[in-house]
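Nothing here was measured: the structure is a model prediction, and the numbers come from that model.
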Amino acid sequence: MFDTLSDRLAATFKNLRGKGRLSEADIDATAREIRIALLEADVALPVVRSFIKQVKERALGTEVSKALNPAQQVIKIVNEELIGILGGDTRRLRFAKNPPTVIMLAGLQGAGKTTLAGKLGLWLKSQGHTPLLVACDLQRPNAVNQLTVVAERAGVGIFAPEPGNGVGDPVKVAEDSVAYARDKQYDVVIVDTAGRLGIDEEMMRQAADIRDAVSPDEVLFVVDAMIGQDAVTTAEAFRDGVGFDGVVLSKLDGDARGGAALSIAHVTGRQIMFASNGEKLDDFDAFHPDRMASRILGMGDVLSLIERAERTFSQQEAEKLASKLAKGPKEFTLDDFLSQMEQVRKMGSISKLLGMMPGMGQLKEQINNLDEREVDRTAAIIKSMTPAERADPKIINGSRRARIARGSGVDVSAVKGLVERFFEARKMMSKVAQGGGVPAMPGMPGMPGMPGMGGGAARKKGKAQKKAKGRRRSGNPMKRQAEEQAAARRRAGESGGNGEVPFELPKEFKDMLPPQ
């Protein structure tokens, strides 16, 4: 959604780099480009004016004029102001002291409230709660059936005593649901209310009646991020008519310009709490203004990537893989790779994961054109192999390749390419186990199954040759022996004396992690 805005801002900041000092004319020109970029992204005019005013005031101050790198300082200011208009600190759900906690969803028809109720239910379930979905949209055809199906898919409870389709009293259903949840030990009640095509008196009155009947701990306004400026107007009308505590953005994966997301928190004074960025029930997460600002500026979202990995990868599997690699590269088989690839796939879309990594803005076109089905084809190739072939791919000769290709429905060249890339990946992972650097995540660029995104053997060989030229050995035998002993001592010191180098996050990523 923010691709166009990100590209415009990246081009603007590129013009600043390399300048030792920034004149007032440079700052004016930069502010003008940022203003145009925001207006093109459909950001509300009052928000643009406030944003540009703050950026210019700070950019013309001492924090830029006395900075060693003024361009980076301007980027830092823009980042901080973006976080400000997106809501500042992350807003968490308020839970009732005495369960159940009641969350009421409101918004226009078509905003995605019913699907989002299931997503929120699944998210709360993953946090250790037992949510109950309540069908209070009794007007829209089949809304009750839709919520029932969504609840079953999410594996959460459903309270739907009325058939809907114009039959039943939504206020009574909402009121009865709280008593039902208390009796059945549900600790969170999510009330799905009716919407309209536009703000009208009947919808406002019904929403207000449900609010008064259940006294919700949170009223969340669901906004379709695709509708731009209308989202802000609707949110203001609903805030004044019924009131809400937080905003949920749906359809954030669309191709609209993103103005609603950048405007709504600033205009309404209510923070964005959750964002839905896909059709699957797990394409949903808490909204972090600092992480979203980082994505807009092309700096990735490492923390969200780490959190997804922690939710998906088991510690036991990670330790098992580490012990295998410590024994030697041959211990890492195609079965292990398939397991790792399936774990990565559980984290979500490969292109979305790549988009969270810093510096991937330069590969945006390749990421967008990435064929997600390539992972499935790779899995099919591996599953068409015998256990012996997976354990030792070196035995795969021409006739075996032909059989595997027929079994997986691919060309023989695809089988050959997979095996070659697997050997490259195994070497790389073996180097990591010995302290040689940080690898790409399995299934990511340069790894088996992702052709077209990786580095390639020829390029790696060229880099290795250049690196080797920089390490010249002395022709003096005594001096060479002393150099080798010093290198051995350094390696022992880095590994803590046991020959095993611990795998740690880089310091800049550690500093971003929340305190334990």
Side-chain angles (χ1 to χ4, degrees), residues 1-44 47-90 257-259 261-263 265-266 272 287-306 354-365 367 505-514:
M1 175 166 283
F2 296 108
D3 283 356
T4 304
L5 177 59
S6 297
D7 292 342
R8 286 296 301 263
L9 291 177
T12 301
F13 296 140
K14 187 177 181 181
N15 295 331
L16 293 179
R17 291 190 177 95
K19 293 190 177 183
R21 289 186 60 187
L22 295 182
S23 65
E24 189 171 339
D26 291 329
I27 292 171
D28 285 340
T30 300
R32 186 167 56 251
E33 289 296 323
I34 294 173
R35 182 189 295 111
I36 293 170
L38 292 173
L39 290 172
E40 286 183 348
D42 206 20
V43 179
V47 179
V48 176
R49 285 174 176 163
S50 173
F51 182 84
I52 295 300
K53 181 183 176 184
Q54 286 293 108
V55 170
K56 282 191 73 173
E57 283 180 2
R58 293 182 60 185
L60 290 169
T62 56
E63 60 181 309
V64 171
S65 61
K66 294 185 177 180
L68 292 174
N69 192 327
Q72 287 184 0
Q73 202 67 26
V74 170
I75 295 172
K76 178 175 177 286
I77 290 170
V78 172
N79 181 52
E80 290 171 356
E81 293 301 326
L82 268 178
I83 294 171
I85 67 169
L86 285 168
D89 296 329
T90 303
R257 291 172 289 179
L262 292 171
S263 306
H266 187 275
I272 302 168
F287 185 86
H288 302 278
D290 54 341
R291 301 184 192 181
M292 183 55 71
S294 180
R295 287 195 202 186
I296 292 171
L297 294 177
M299 295 186 285
D301 185 358
V302 176
L303 284 179
S304 293
L305 191 60
I306 292 171
L354 289 170
M356 291 183 185
M357 298 173 74
M360 282 295 172
Q362 300 170 5
L363 300 174
K364 195 176 298 179
E365 188 176 341
I367 292 172
L505 282 172
K507 183 180 182 301
E508 59 266 32
F509 290 170
K510 278 186 177 180
D511 293 341
M512 296 168 67
L513 293 172

Nearest non-hydrogen partners of [X] and [Y], listed with the distance:
X: P289; Y: G87; answer: CG-C, 4.3 Å
X: L82; Y: F51; answer: N-CE1, 3.5 Å
X: V55; Y: I77; answer: CA-CG2, 4.1 Å
X: A31; Y: I52; answer: O-CD1, 3.6 Å

Residue pair E81 / I85, side-chain heavy-atom distance below 4.5 Å: no
Is D28 close to K56 at the side-chain level, that is, under 4.5 Å between some pair of heavy atoms? yes
Approximate separation, where rounding is to 0.5 Å, of [X] [atom1] and [Y] [atom2]:
X: T90; Y: D290; atom1: OG1; atom2: CG; answer: 5.5 Å
X: L60; Y: R58; atom1: CG; atom2: CZ; answer: 12.5 Å
X: E57; Y: Q54; atom1: CD; atom2: CD; answer: 5.5 Å
X: H288; Y: I83; atom1: NE2; atom2: CD1; answer: 12.5 Å

